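All ligand and atom numbering here is 1-based and tracks the order in the structure. Computed from a prediction, not measured in an experiment: that's the story for all the values here.
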Amino acid sequence: MNILVIGSGGREHALAWKIKQSPQCGQLFVAPGNAGTASVAQNINIDVEDFEKLGKLAIEKRIELIVVGPEGALVKGIRDYFEADPSLSHILMVGPGKSGARLEGSKDFSKQFMVRNGIPTGKAKTFTANQINEAYQYLETLQPPFVLKADGLAAGKGVVICASKEEAQEVIREMLEDKKFGDASSKVLVEEFLEGIELSVFVMTDGKNYAILPEAKDYKRIGEKDTGPNTGGMGAVSPVVFADVTFMKKVEEKVIKPTIAGLAKENIPYKGFVFIGLMNVKGEPFVIEYNARMGDPETQVVLPRIDSDFVELLIQTAKGELTSTPVPQKDKVAMTVVMVAEGYPGSYEKGKVIQGLNKTTNGLVFHAGTKENNSEVITNGGRVLAVTGTGSNLNEASQEAYQLISSIHWDGLYFRKDIGDDLKKWSGSL
Ligand code: AMP
Ligand code: GLY
């Protein structure tokens with residue numbers, strides 16, 4: 001069947017790479033894609049939120065299955081658009097409609113959803129611009145540090161962790177009064193801080209059944225030893241040593257099952273990925289956030305570990321025919337390191353020529369912010385490449401990833417040299 005992947009990052013390159021391996025994959029398209037997706041699929045230069053053009057493309061190319069990568073298109077209702085048009089409604093789509101995408105699009109909605117469905121999460125309350133004093137009073141009931149969350153999508157920047165009450169008050173005022181994140185911060189959650197270690201869990205669901213994909217750990221900070229500002233993700237590892245059978249069983253029973261049952265109970269149709277950001281607090285899972293899509297760069301380590309026909313899983317999800325059987329996983333470790341442009345996550349330059357890509361025959365070099373320019377590949381974003389190594393243990397995976405990186409160069413590139421180090425030294429205690 002002809003398949004369309006929507007998006008242009010490392011996640012979409014990894015999706016296209018995995019989809020292409022399936023015997024069920026006919027022609028593969030990525031919109032808009034990048035220089036990496038062009039090597040496994042045909043790129044079509046359409047914006048991810050231009051539903052009208054995407055609809056025309058789907059008809060013209062006889063697309064039978066669409067996989068939506070980024071959250072923006074889901075929150076804006078790409079599924080609702082396709083379902084409402086009789087010439088498009090037959091096309092299978094992996095990605096929830098607007099109502100399901102609220103799990104990611106509104107932190108207030110997702111917090112209330114967790115509370116209603118008995119899913120463990122941090123204590124929190126939501127406030128609007130005319131409730132600033134109430135928000136300040138609520139701070140008095142919590143211990144520092146304080147977690148403040150803009151309700152809506154804020155390009156990954158909407159969560160602020162404040163060490164002191166004074167700082168938290170100032171940020172609450174900036175978010176609500178000064179609209180620091182525009183409409184996204186017209187509501188703000190004040191949340192208790194959860195102390196622990198983070199884990200990303202991925203589930204495919206058709207709204208009734210679910211399939212758990214390999215878990216991953218993401219490295220969010222720009223600097224080594226987890227210092228400096230947050231980014232979209234500087235690296236990832238799968239599997240995660242502390243996500244042992246006992247912990248994952250708790251995640252399934254206390255988080256995944258009530259999440260899927262909650263969607264059904266609340267009549268929220270959902271055919272797509274649920275990415276659950278968890279904090280492991282002394283061996284107990286607490287949900288920090290839901291996303292209605294796969295993670296980036298987690299996808300670049302999750303998909304290389306799936307040992308089955310991924311297109312079959314996508315079809316079952318989109319058709320509502322998933323069976324809740326475990327997804328076969330390869331018994332190997334995958335680690336990805338994100339190579340970024342100098343200045344990221346602040347301002348950075350684009351258009352630098354990337355050298356050494358053709359030497360990278362072993363391992364997986366997923367493109368994120370790249371584009372083709374004549375016969376060269378140039379940088380076209382902050383996160384430029386995600387280089388995945390695999391091996392029978394984390395040391396081997398790490399060696400492969402960093403060896404691949406050593407042959408790639410552009411002006412001003414930066415990457416963290418300590419991805420996975422905390423897990424290599426893992427002592428087994430939290
Ligand atoms: P998010 O944008 O929801 O992914 O949150 C960004 C980051 O903020 C998370 O990855 C966590 O590191 C941190 N965070 C969010 N909520 C909490 C919380 N309740 N306690 C501690 N850290 C949190
Ligand atoms: N890596 C985190 C995310 O995709 O949201």
Consider ligand 1: state whether an atom of it lies below 4.0 angstrom from any non-hydrogen atom of Glu195. no
Short list, please: which atoms of ligand 1 are under 4.0 Å from a heavy atom of Lys220? 10 (O)
Could you label the plane-to-plane angle of the His13 and Phe366 rings as parallel, tilted or perpendicular, counting under 30° as parallel and over 60° as perpendicular? perpendicular
Kindly confirm or rule out a cation-pi arrangement of Arg383 over Tyr414, judged by NZ or CZ under 6.0 Å from the six-membered ring centre and within 45° of its axis? no
Test side-chain hydrogen bond (donor to acceptor under 3.5 Å, both in side chains) on Thr128 and Gln131; report intermediate values, then the result. CA-CA 5 Å; Thr128 55; Gln131 296 173 310; 3.0 Å; yes
Just to check, does Gly233 reach to within less than 4.0 Å of ligand 2 when the distance is taken from its heavy atoms? no
Tell me, with the steps shown, if Ser106 and Asp108 meet side-chain hydrogen bond (donor to acceptor under 3.5 Å, both in side chains). CA-CA 5 Å; Ser106 167; Asp108 179 41; 5.1 Å; no
Going by the order shown, which atoms of ligand 2 are within less than 4.0 Å of some heavy atom of Glu298? 1 (N), 2 (C), 4 (O)
Going through the distances and angles, do Ser39 and His367 end up as a side chain to side chain contact (heavy atoms under 4.5 Å, CB included)? CA-CA 10 Å; Ser39 66; His367 291 221; over 6 Å; no
Quick one: do Phe310 and Ser22 satisfy side chain to side chain contact (heavy atoms under 4.5 Å, CB included)? Show the steps, please. CA-CA 7 Å; Phe310 187 54; Ser22 166; over 6 Å; no
Using a strict cut-off of 4.0 Å, indicate which atoms of ligand 1 neighbour a heavy atom of Val147. 16 (N), 17 (C), 18 (C), 19 (N), 20 (N)
Show which atoms of ligand 2 fall inside a sub-4.0 Å distance from at least one heavy-atom site of Gly232. 1 (N), 2 (C)
Assess Arg293 against Phe273: is NZ or CZ under 6.0 Å from the centre of the six-membered ring, and within 45 degrees of the ring's axis? no
Using a strict 4.0 Å cut-off to heavy atoms of Leu194, name the atoms of ligand 1 that fall inside it. 18 (C), 19 (N), 20 (N), 21 (C)
So for ligand 2, is Met294 a polar contact partner (N or O within less than 3.5 Å, distance only)? no
So if I count the atoms of ligand 1 from 1 in the order they appear, which ones are less than 4.0 Å from some heavy atom of Met279? 21 (C), 22 (N)
Only heavy atoms of Glu191, strictly under 4.0 Å: list the atoms of ligand 1 that pass. 16 (N), 18 (C), 19 (N)
Is the NZ or CZ atom of Lys417 positioned over Phe415's six-membered ring, under 6.0 angstrom from the centre and within 45° of the axis? yes
Between Asn209 (side chain only) and Leu322 (backbone N and O only), is there a donor and an acceptor less than 3.5 Å apart? yes
Tell me, with the steps shown, if Met248 and Leu199 meet side chain to side chain contact (heavy atoms under 4.5 Å, CB included). CA-CA 11 Å; Met248 289 307 285; Leu199 178 71; 4.2 Å; yes
Using a strict cut-off of 4.0 Å, indicate which atoms of ligand 1 neighbour a heavy atom of Lys107. 3 (O)
Counting from 1 in the order shown, the ligand 1 atoms closer than 4.0 Å to a non-hydrogen atom of Lys149 are 15 (C), 16 (N)
Atoms in ligand 2 flagged as close to Phe275, the criterion being non-hydrogen separation under 4.0 Å: 3 (C), 4 (O), 5 (O)
among protein heavy atoms, the one nearest atom 2 (C) of ligand 2 is Asp218 OD2, 3.4 Å
Indicate yes or no for a side-chain donor-acceptor contact from Gln169 to the backbone of Glu167 under 3.5 Å, with no hydrogens or angles considered. no
Atoms in ligand 2 flagged as close to Gly295, the criterion being non-hydrogen separation under 4.0 Å: 4 (O)
Using a plain distance cutoff, I'd like to know if Asn230 has any nitrogen or oxygen under 3.5 Å from a nitrogen or oxygen of ligand 1. no
Contact check, Arg293 vs ligand 2, heavy-atom distance below 4.0 Å: yes
Quiz item: cation-pi between Lys217 and Tyr219, 6.0 Å / 45°: yes
Element-labelled atoms of ligand 1 that are located less than 4.0 Å from some non-hydrogen atom of Phe193: 20 (N), 21 (C), 22 (N)
Can you check whether Lys220 has an N/O within less than 3.5 Å of an N/O in ligand 2? no
